[in-house]
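To find a chain, count down the sequence lines: A is the first, B the second, and so on, and within it residues start at 1.
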Amino acid sequence: MLDLNLIRTQPDVVLASMARRGLDAPIDEVLSLDARRRALLTEAEQLKAARNAVSKEIGKIKDAAEKQAKIAEQKGVGDKIAALDERLRQVDSEMFTLLSALPNLLDARVPDGKDDSENVVLRTVGPVSTLPFEPKPHWELGTALGIINFEEGVKLTGSRFYVLHGAGARLQRALIAWMLDLHIRQGYTEVYTPFMVKEETMFGAGQLPKFRDNLYRDVEEDLWMVPTAEVPVTNLHRDEILDAADMSKLYTAYTPCFRREKMAAGRDVRGIKRGHQFDKVEMYAFTLPENSDAALEKMREDAELTCAALGLTYRVKQLCAGDVGFAARTTYDIEVWAPGQQEWLEVSSVSNCGDFQARRANVRFRREAGARPEFAHTLNGSGLGLPRTMIAVMENYQQADGSIAVPKVLKPWMGGIEVIR
RNA sequence: GGAGGGAUGGCUGAGUGGUUUAAAGCGACGGUCUUGAAAACCGUUGUGGGGCCUGUCCUCACCGGGGGUUCGAAUCCCUCUCCCUCCGCCA
């Protein structure tokens, strides 16, 4: 949610930022609604002030006849006020609809560009291909080794689902445990959250109303399945006023993620790259406004270290204006090289949301006792999406005979398995 | 699933239609006192919106959420959510 006051005072700045995203934002409509709203509010409040004063007088009148006369005089005022309040409610709701559809302002340093084809590769770390044989894609490796079973996923649930077996399931669990432990060492506090949340919680993280079509929902209980840990973690401090002395607050969370992927129908249908259910370890930060830039760089480094420690070749991209997500002001993507698919896989996306999410979720902080509350800044970054990390590990650690070596850092969780064969 | 009880400010806790303009206590902050501190005493103490005469200013809303009754609602009515106690069932 953008600051209405910013739209009022610097509409041109807001318009320019929206234009960089390729949007024609209805700023004029917002401003005229705002003017109407204030006019209605003034009128309604004057009536309320008068009514309050008279009602107070009535309470003090002792003479019954005089009292009845005064009460009769007041009849009808309530209806007038109710009518104004009703119009105000309508204006408010129109305003809310408009404002909640506007994405975050972009950081000025975000490069221009219309879509993902214009994202900027900042650097590539590691060699792009070193395998001395023809590498296979993970779906062939996984099926041959019996660690990924696609037919079973279809049998149980449908397309885009799969079952992991034996060392495959264990490898994923090892990745999750290792990543969580790594992030804890990097200063994040582990949290385990619900995977289903109420509508308010989805709104607070910026998922609703805009991304409704991509979410699973239980209609009977009105609960929504989380599409990312970012959703519950953002809301951990919803409607709270934090103490500046306790910030930054850094969290890491493992959750499954549920996405309908309606927009991606027919895309990435092979393998485990894009499923309706996948696991992810997330990093999240609540910071003071002046610290969010530094927190973004730290989080990017923490995510990079995860790739590096796994021995994966990766590259860091800065997203261009047209590709930065709805709630973010700036985003880095980290992609790892998958030699079997001959493809860069997006495994992490690290974003600074500024005060955009905090405004929606009403997460504030106080600099000192008595100071006015201010909105916190929030940041989120995947500590790597599991299926894509699995793909990268399988394809990079494959050997000529189709077996897969276990990366060194994961061995403590693999129960002595050195090679999956 | 059944029965009952609750939700009031940072916290505890009064308040059942108009001196409540939400008491009181605790905590926090400021001051007096003190070499310093404690104690004591005095004072301050929420959030959000709007206005202009930009002020130690005026005003509106907020007592779990929403709706209603009334000239007037923390208080009465309806409804939802959450919490607690007991019973049943249960991983």
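- For the pair A:Lys70 and A:Glu66, the salt-bridge criterion is not met [side-chain N within less than 4.0 Å of a carboxylate O].
- Put simply, CD1 on A:Ile61 is 14 Å from P on B:U19, counting in whole angstrom units.
- Note: A:Phe195 and A:Phe258 fail the aromatic proximity criterion, with ring centroids not under 6.0 Å apart.
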Nucleic acid footprint by protein, nucleotides 44-50 of chain B - heavy-atom cut-off 4.0 Å, B for base, S for sugar-phosphate alone: ---SSBS
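- Under the 4.5 Å side-chain criterion, counting only non-hydrogen atoms from C-beta, A:Val336 is not in contact with A:Leu384.
- Across all strands shown, B:A61 forms a Watson-Crick or G-U wobble pair, both distances under 3.5 Å, with B:U47.
- In this entry the distance linking NZ of A:Lys56 with P of B:U70 reads 22 Å, nearest Å.
- When rounded to the nearest whole Å, the span between CZ of A:Arg238 and C1' of B:G65 equals 13 Å.
- Between the P atom of B:C11 and the CD atom of A:Glu240 lies a distance of 12 Å, rounded to the nearest Å.
- Base pairing of B:A14: no nucleotide in any strand meets the Watson-Crick or G-U wobble criterion (both distances under 3.5 Å).
- When rounded to the nearest whole Å, the span between CG of A:Asn52 and C1' of B:A73 equals 12 Å.
- At whole-Å resolution of the value, CD in A:Glu43 and C1' in B:G51 are 14 Å apart.
- Atom CD of A:Glu200 is separated from atom P of B:G66 by 11 Å (rounded to the nearest Å).
- Electrostatic pairing of A:Glu45 and A:Lys48 does not count as a salt bridge here, judged by no charged N lying under 4.0 Å from a carboxylate O.
- Under the 4.5 Å side-chain criterion, counting only non-hydrogen atoms from C-beta, A:Leu175 is in contact with A:Leu310.
- Ion pairing between a basic and an acidic side chain is recognised when a charged N comes within 4.0 Å of a carboxylate O; A:Lys114 and A:Glu118 show such pairing.
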